Amino acid sequence: MTPKRTENRILQFLDSMRAERNAAENTISAYARDIGDLVTFLEKNGRTLDNADRQDILDYMHLLNQRRLSVATRGRRLSAIRQFYRFALDSGWRSDDPTQRITGPGRSKSLPHTISEDDTEKILTAAGQVGKSPLERARNDCMFQLLYATGMRVSELVSLPASTVRGNPEMILVRGKGGKERMVPLSTPSRLAVLAYLKLRDDQETGTAKSRTKRSDFLFPSRSRRGHMTRERFYLLTKQVASTAGLDREHVTPHVLRHAFATHLLAHGADLRTIQVLLGHSDISTTEIYTHVLNHRMKHLVLTNHPLSNNRKPG
């Protein structure tokens with residue numbers, strides 16, 4: 001199997017993922033890296049994608065374990081390889097699937113980290129205090145209010161078009177993974193934060209020639225290649241806001257705020273199906289992890305506060 005033939009088959013597989021599964025470009029890139037790593041392993045052992053057998057795949061998975069890759073990463077690699085060989089089988093390149101009967105690594109039992117409602121309120125208050133100018137402070141306040149009000153992914157937040165929130169809407173359209181769209185409601189604090197930020201931003205874009213900034217289609221523009229704030233920049237901003245709020249910055253990330261959105265909704269009576277739609281999960285089993293988070297917190301409260309608990313401090 002020539003390198004060119006290998007490359008063509010991988011490209012056909014990736015094109016299939018785009019067309020049939022509407023996979024996002026980040027997912028396509030991950031598939032390409034994962035299959036490419038397998039190809040490198042096989043070549044070192046005198047094998048190819050065409051003649052690799054079950055033992056080759058098992059050996060590769062064992063190598064990933066030796067590299068101490070996380071359970072999630074190893075599981076994703078095996079999933080990508082499985083999908084490639086299913087495509088190869090359907091396309092007639094292979095008459096068998098070498099990934100059959102191969103069990104993936106066990107899923108991590110650790111629960112997603114979240115924060116309390118009081119700590120979330122501290123973060124929302126601190127966000128409006130971080131920034132070198134009134135516009136920056138209003139932007140930061142707007143971003144964190146939107147993040148907690150909607151549970152958006154950071155990639156969805158930073159790339160929001162400004163037109164999405166114009167007109168003081170009660171709900172906005174969010175474009176998620178794979179281009180899938182969903183409607184999410186805005187809270188009153190988030191709508192007020194949006195209005196305050198847009199006013200300052202519009203004033204600056206229509207100001208004097210000296211102070212005027214270039215008009216952007218993005219709600220949170222920047223000088224980055226994509227024209228909007230990057231996920232990395234927002235991650236660092238989250239750490240800065242956490243410090244200002246007096247919280248441990250190591251335990252506060254943008255994704256923790258997404259977890260907080262879901263667990264707080266669940267604690268106040270929202271059903272899993274609603275949370276699934278709001279978060280943009282394609283499978284409700286992904287959303288079910290939040291019931292475990294809530295159960296864990298309830299168990300902790302009982303063990304620390306129940307009158308008959310051995311862990312309860314005497315009053």
Side-chain angles (χ1 to χ4, degrees), residues 1-61 63-64 67 69-105 152-161 173-182 217-218 224-228 230-232 276 279-286:
M1 187 175 186
T2 65
K4 186 65 176 176
R5 187 177 179 183
T6 298
E7 181 182 353
N8 286 339
R9 290 192 169 175
I10 294 174
L11 289 175
Q12 288 178 50
F13 164 67
L14 298 178
D15 286 342
S16 171
M17 292 296 101
R18 284 192 186 93
E20 297 178 13
R21 302 202 176 186
N22 199 24
E25 283 306 310
N26 285 344
T27 303
I28 295 297
S29 297
Y31 283 150
R33 289 193 299 270
D34 293 344
I35 302 301
D37 192 61
L38 174 64
V39 169
T40 301
F41 168 79
L42 292 172
E43 288 177 346
K44 288 181 179 178
N45 292 276
R47 309 286 283 174
T48 68
L49 289 174
D50 271 2
N51 62 25
D53 58 22
R54 183 172 181 271
Q55 190 58 51
D56 290 320
I57 306 302
L58 288 172
D59 290 343
Y60 175 66
M61 295 306 297
L63 174 65
L64 298 185
R67 291 180 187 171
L69 296 185
S70 69
V71 169
T73 299
R74 284 182 280 140
R76 191 199 71 214
R77 292 275 178 95
L78 181 58
S79 176
I81 295 168
R82 277 199 178 111
Q83 292 184 72
F84 174 81
Y85 277 112
R86 285 170 187 163
F87 178 73
L89 193 62
D90 292 341
S91 300
W93 303 340
R94 297 272 308 218
S95 59
D96 65 325
D97 180 357
T99 66
Q100 282 188 343
R101 300 185 307 281
I102 293 181
T103 304
M152 278 188 283
R153 300 177 180 91
V154 174
S155 57
E156 297 166 348
L157 175 71
V158 297
S159 61
L160 271 179
L173 183 69
V174 175
R175 185 181 294 274
K177 287 184 176 181
K180 295 179 180 178
E181 297 179 335
R182 66 186 188 277
D217 291 333
F218 293 110
S224 70
R225 180 174 56 85
R226 295 187 176 182
H228 59 71
T230 63
R231 291 179 299 173
E232 294 77 14
Q276 177 195 358
L279 290 176
H281 288 162
S282 57
D283 191 335
I284 198 167
S285 63
T286 307

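All values reported here derive from a predicted model rather than from experimental measurement. This chain uses plain numbering: 1 for the first residue, then up along the sequence.
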[X]: which residues meet the side chain to side chain contact (heavy atoms under 4.5 Å, CB included) condition with it, sequence neighbours left out?
X	value
A24	T27
R33	S29, A30
L58	R54, Q55, I102

Inset, instruction - Using ring-ring contact (aromatic ring centres under 6.0 Å, His included) as the criterion, list what pairs up with H281, not counting sequence neighbours. - result: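 For H281 there are no ring-ring contact (aromatic ring centres under 6.0 Å, His included) partners, ignoring immediate neighbours.
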Legend entry - Y60 versus D34, closest heavy-atom pair with distance: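 In terms of heavy atoms, the two residues are closest at OH-O, 4.0 Å.
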Looking at residues at least two apart in the chain, or sitting in another chain, which of them share a salt bridge (Lys or Arg N to Asp or Glu O under 4.0 Å) with [X]?
X	answer
R225	none
R153	E156
D53	R47

All side chain to side chain donor-acceptor pair (under 3.5 Å) counterparts of [X], not counting sequence neighbours:
X	value
S159	none
S224	S222
R94	D96
Y85	none

If you measure from [atom1] on [X] to [atom2] on [Y], what distance do you get to the nearest 0.5 Å?
X	Y	atom1	atom2	answer
E43	L38	CD	CG	10.0 Å
L64	R74	CG	CZ	7.5 Å
L157	H228	CG	NE2	10.5 Å
F41	D59	CZ	CG	5.0 Å

Inset, instruction - Take R9 and D50 through the side-chain contact (heavy atoms from CB on, under 4.5 Å) test and state the conclusion after the steps. - result: CA-CA 10 Å; R9 290 192 169 175; D50 271 2; 2.4 Å; yes
Inset, instruction - Decide yes or no for L42 and L49: does some side-chain heavy atom of the first lie under 4.5 Å from some side-chain heavy atom of the second? - result: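 The answer is yes; the side chains approach within 4.5 Å.
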Inset, instruction - Check whether any side-chain heavy atom of T48 lies under 4.5 Å from a side-chain heavy atom of R5, and answer yes or no. - result: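 Not in contact.
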Inset, instruction - Could you tell me how the ring of W93 sits relative to the ring of F87: parallel (under 30°), tilted (30 to 60°) or perpendicular (over 60°)? - result: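 Answer is perpendicular, since the angle exceeds 60°.
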Taking distance alone, no hydrogens or angles, what donor-acceptor pairs closer than 3.5 Å link side-chain atoms of residues 10-17 to residues at least two apart or in another chain?
residue : atom : partner : partner atom : Å
D15     : OD1  : R18     : NH1          : 3.0
S16     : OG   : E20     : OE2          : 3.4

Legend entry - Residue R82 excluded, over 12 heavy atoms near CZ under 6.0 Å: yes
Inset, instruction - Give a yes or no on whether D217 atom CG has more than 12 heavy-atom contacts from other residues, nucleotides or ligands under 6.0 Å away. - result: no
